[in-house]
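Below: one structure, written as structure tokens.
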Amino acid sequence: MAKINVNWSATTEESMSLLPYLTDYDKAALMLLASTTQIDLHVARIVIKNTGTMPVNVFPQNFLIRSGLTPLQIQIPNHPNALRQTLLNPSNQVQGIVTFFGPRMLAMQALTLSYNDSSVQVSYDR
């Protein structure tokens with residue numbers, strides 16, 4: 001069976017790294033969204049290491065972030081450090097960022113991340 005280890009973090013610093021890549025329209029839309037709904041754009045950095053003995057295809061869309069029982073849809077940003085689909089060879093690792101919308105005052109320590117692929121055994125660090 002394929003095996004990966006996933007380490008991840010969601011911090012304000014990661015969110016700030018997106019600003020240079022947003023258009024003025026995107027910035028205005030995000031400000032309006034945050035001010036009218038208290039929903040904000042958050043960024044998570046995900047590091048994936050192949051801990052098995054066979055190559056693993058990693059698909060960013062297989063990740064899911066939850067706040068309690070509420071799923072927060074992951075999106076792949078238009079950013080050079082975005083997490084991309086990759087074939088990960090044994091002992092190699094890849095990292096990248098994903099975005100998700102959630103409450104402005106989201107308790108980052110209460111978030112959980114999962115990878116949904118029954119053909120891959122996953123362990124998590126945080």
Side-chain angles (χ1 to χ4, degrees):
M1 176 173 267
K3 296 180 181 181
I4 59 173
N5 177 265
V6 176
N7 188 334
W8 72 290
S9 64
T11 65
T12 303
E13 291 80 22
E14 294 290 357
S15 297
M16 299 307 287
S17 74
L18 275 184
L19 290 179
Y21 297 92
L22 297 176
T23 66
D24 288 342
Y25 176 83
D26 290 337
K27 290 175 188 173
L30 287 171
M31 287 176 57
L32 180 63
L33 179 70
S35 65
T36 59
T37 65
Q38 300 300 309
I39 298 294
D40 215 345
L41 178 69
H42 301 280
V43 177
R45 176 168 301 280
I46 302 174
V47 180
I48 307 141
K49 182 173 183 177
N50 183 339
T51 56
T53 58
M54 58 190 291
V56 177
N57 252 321
V58 176
F59 299 93
Q61 63 270 23
N62 287 354
F63 284 100
L64 177 66
I65 294 177
R66 290 185 180 275
S67 175
L69 297 176
T70 305
L72 305 173
Q73 183 64 44
I74 287 179
Q75 299 174 351
I76 309 305
N78 181 18
H79 188 281
N81 295 331
L83 186 63
R84 305 276 184 227
Q85 176 184 346
T86 187
L87 179 63
L88 195 56
N89 287 314
S91 301
N92 288 354
Q93 74 176 28
V94 65
Q95 66 176 315
I97 61 173
V98 297
T99 60
F100 60 98
F101 287 97
R104 178 179 291 164
M105 302 305 289
L106 189 62
M108 296 300 181
Q109 66 274 13
L111 296 177
T112 58
L113 178 82
S114 60
Y115 187 74
N116 301 311
D117 183 339
S118 60
S119 68
V120 179
Q121 182 180 351
V122 185
S123 61
Y124 299 93
D125 293 330
R126 181 141 185 219

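Nothing fancy with the numbering, it's 1 onward along the sequence. Predicted model, so just to flag it, every value in this text is computed and none were measured.
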Just jot down the side chain to side chain contact (heavy atoms under 4.5 Å, CB included) partners of Thr70, sequence neighbours excluded, or say none. Leu72
Could you give the distance from CG (Asp40) to OG (Ser35), rounded to the nearest 0.5 Å? 10.5 Å
Could you measure the distance from the CG atom of Asn92 to the CD1 atom of Ile48? Nearest 0.5 Å is fine. 12.5 Å
Is it the case that more than 12 heavy atoms not belonging to Asn57 sit under 6.0 Å from its CG atom? yes
For Gln95 against Leu83, the heavy-atom pair lying closest together: C-CD1, 4.1 Å
With a 4.5 Å cut-off on side-chain heavy-atom distances among I, L, V, M, F, W and Y, is there a chain of contacts connecting Val120 to Leu64? no
Residues in side chain to side chain contact (heavy atoms under 4.5 Å, CB included) with Pro77, at least two apart? Leu18, His79, Ala82, Ile97, Thr99
Give, for atom NE2 of His42 and atom OG of Ser67, the distance between the pair rounded to the nearest 0.5 Å. 9.0 Å
Rounded to the nearest 0.5 Å, what's the gap from CG on Asp24 to CG on Leu22? Could you check? 9.5 Å
List the steps and the verdict of side-chain hydrogen bond (donor to acceptor under 3.5 Å, both in side chains) for Thr51 and Asn5. CA-CA 6 Å; Thr51 56; Asn5 177 265; over 6 Å; no
Nearest heavy-atom approach of Gly52 to Pro90 is O-CB, 3.5 Å
Of all the heavy-atom pairs spanning Gln75 and Phe101, show the shortest one and how long it is. OE1-CE1, 3.7 Å
Quick test of your reading: applying ring pair (Phe, Tyr, Trp, His ring centres under 6.0 Å), list the pairs with at least one residue in residues 49-78, sequence neighbours left out, ordered by first then second residue. Phe63-Tyr115
From Gln61 atom CD to Asp117 atom CG, the distance as rounded to the nearest 0.5 Å: 10.5 Å
What pair of heavy atoms forms the shortest contact from Leu87 to Pro55, and how long is it? CD1-CB, 3.8 Å
Does anything in residues 42-65 form a salt bridge (charged side-chain N to carboxylate O under 4.0 Å, His left out)? List the pairs, not counting sequence neighbours. Glu14-Arg45
Tell me every residue that passes side-chain hydrogen bond (donor to acceptor under 3.5 Å, both in side chains) with Asp26, counting only those two or more places apart in sequence or in another chain. Thr23
Treat each ILVMFWY residue as a node, draw an edge where side-chain heavy atoms are under 4.5 Å apart, and state whether Val47 and Val122 are in one component. no
Would you say Ser119 and Met1 make side-chain contact, with heavy atoms under 4.5 Å? no
Taking the side chain as everything from C-beta on, heavy atoms only, tell me whether Ile76 gets closer than 4.5 Å to Val98. yes
Donor-acceptor under 3.5 Å (Asn50 side chain, Met54 main chain): yes
Here the pair of heavy atoms bringing Thr112 nearest to Trp8 is C-CZ2, 3.8 Å
Give the minimum heavy-atom separation between Phe100 and Ala10, together with the two atoms involved. CZ-CB, 4.3 Å
For Thr86, enumerate each residue passing the side chain to side chain contact (heavy atoms under 4.5 Å, CB included) test, keeping only those at least two apart in sequence or located in another chain. Val58, Val94
